[in-house]
*Asks:* 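Once you've had a glance at the structure underneath, I'll fire off some questions.
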Amino acid sequence: MQVIKDARALESTLQAPRRAGKRIGLVPTMGALHAGHGSLVKAARSRCDVVVATVFVNPTQFGPTEDLEAYPRDTEGDRFKLESWGCDILFMPQDSDVYPLGLDGVRIQPPAALVSGLCGPRRPGHFAGVLTVVLKLLNLARPHMAFFGQKDFQQWRVIQHMAADLLTGVEIVRCPTVRETDGLAMSSRNAYLAPEERARALVLSRTLAAVLDRFRTGERNSEALRVAAMQAWQNFNDGEASPPQLEYLEVVDAGTLAPVPEIGAEGVAAIAARLGKARLIDNVLLAEDSADLALLSASRGTLFSRLA
Ligand code: AMP
């Protein structure tokens with residue numbers, strides 16, 4: 001695996017494969033890599049000839065009170081993992097490569113409708129920072145495909161919208177959420193959790209499993225699904241001295257991210273909560289062939305004994 005630290009070197013390295021008609025796959029990350037990132041690299045490996053992963057902690061997507069400085073960094077570990085997942089090029093740009101005119105430059109704004117709910121109102125400016133860095137990375141690597149995780153569903157959706165609306169020609173691929181065996185969605189921010197917080201964090205995925213289970217029994221009414229989710233959340237936290245602080249628990253249409261009375265072809269139930277120093281998010285797809293069905297078996301046992 002080649003490690004490239006500046007934009008010019010990336011351009012010249014990709015020149016030959018591009019000319020030879022090779023398909024380039026891009027996997028943007030902020031590092032502190034785990035198997036969730038690994039699944040994106042492997043998906044890119046299976047669909048592209050050249051796999052480029054980027055590790056760049058993007059300052060413009062962090063709010064003033066967020067964890068930019070504390071964000072976990074593990075350059076050596078990342079390098080080792082990427083190599084083992086079959087990555088060809090690790091691109092680790094400097095701020096000056098990505099923001100040559102400084103951090104106060106142009107911002108790509110998502111459509112208001114896609115950020116009026118979920119993380120949008122809680123993280124003002126976040127998705128503009130995400131879209132800006134992703135467009136810059138697409139411009140630097142000029143891939144055929146770029147791979148993102150369902151774990152950050154709203155992020156994937158705004159990126160997909162931007163890529164289409166700005167005529168980038170890049171295919172934006174959504175890969176399923178990778179979870180720990182007990183159901184917790186993998187996240188670099190899980191590193192912030194103390195052991196007892198790690199145990200309590202399971203309430204997010206279990207709440208979502210309860211909603212998915214309700215959906216599978218035929219419930220399509222969004223409000224009924226949301227009420228079931230809230231009940232599950234409260235049951236799981238019952239008796240806990242310091243439960244996670246719920247930020248939101250929403251059931252929306254997967255395409256528009258807007259509330260709808262009934263879930264149509266595809267819905268999404270999404271949750272965000274604070275636990276100690278960590279802000280955790282997770283979601284499940286509400287669809288007949290939901291990619292999250294495995295979560296039900298991971299959560300069974302504790303889920304149904306506590307709901308009973
Ligand atoms: P991050 O490094 O957290 O910015 O994430 C980089 C990419 O990895 C994003 O597209 C995320 O959605 C994706 N990702 C993060 N966690 C997971 C996970 N548990 N499963 C699948 N993809 C993930």
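None of the values given here were measured: they were computed from a predicted structure. Order of listing sets the numbers, starting from 1, for every ligand and every atom in it.
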*Asks:* Restricting to side-chain hydrogen bond (donor to acceptor under 3.5 Å, both in side chains), what partner residues turn up for Arg142, sequence neighbours left out?
*Replies:*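 Applying side-chain hydrogen bond (donor to acceptor under 3.5 Å, both in side chains) to Arg142 gives Glu11.
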
*Asks:* Is Tyr248 reachable from Leu212 through a run of I, L, V, M, F, W or Y residues, each pair having side-chain heavy atoms under 4.5 Å apart?
*Replies:*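 No, because Leu212 and Tyr248 fall into different hydrophobic clusters, even though each may have its own neighbours under 4.5 Å.
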
*Asks:* Salt bridge or not between Asp88 and Arg45? Use side-chain N to carboxylate O under 4.0 Å.
*Replies:*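 Here Asp88 pairs with Arg45 in a salt bridge, since their nearest N and O are under 4.0 Å apart.
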
*Asks:* Would you please say whether a donor-acceptor pair under 3.5 Å links the side chains of Asp67 and Tyr192?
*Replies:*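 Yes, side-chain donor-acceptor contact under 3.5 Å.
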
*Asks:* If you define the side chain from C-beta out and look only at heavy atoms, does anything of Ile24 sit under 4.5 Å from Arg18?
*Replies:*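 They are in side-chain contact.
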
*Asks:* List, pair by pair, the atoms of ligand 1 and of the protein that are both N or O and lie under 3.5 Å apart, giving the separation rounded to 0.1 Å.
*Replies:*
residue: ligand 1; atom: 2 (O); partner: Met30; partner atom: N; Å: 2.9
residue: ligand 1; atom: 2 (O); partner: His37; partner atom: NE2; Å: 2.9
residue: ligand 1; atom: 5 (O); partner: His37; partner atom: NE2; Å: 3.4
residue: ligand 1; atom: 10 (O); partner: Gly149; partner atom: N; Å: 2.9
residue: ligand 1; atom: 12 (O); partner: Gly149; partner atom: N; Å: 3.2
residue: ligand 1; atom: 12 (O); partner: Gly149; partner atom: O; Å: 3.2
residue: ligand 1; atom: 12 (O); partner: Asp152; partner atom: OD2; Å: 2.6
residue: ligand 1; atom: 16 (N); partner: Met186; partner atom: O; Å: 3.4
residue: ligand 1; atom: 19 (N); partner: Val178; partner atom: O; Å: 2.9
residue: ligand 1; atom: 19 (N); partner: Met186; partner atom: O; Å: 2.9
residue: ligand 1; atom: 20 (N); partner: Val178; partner atom: N; Å: 2.8

*Asks:* Going by atom types alone, do Gln154 and Arg157 pair a side-chain donor with an acceptor below 3.5 Å?
*Replies:*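 Short answer, no.
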
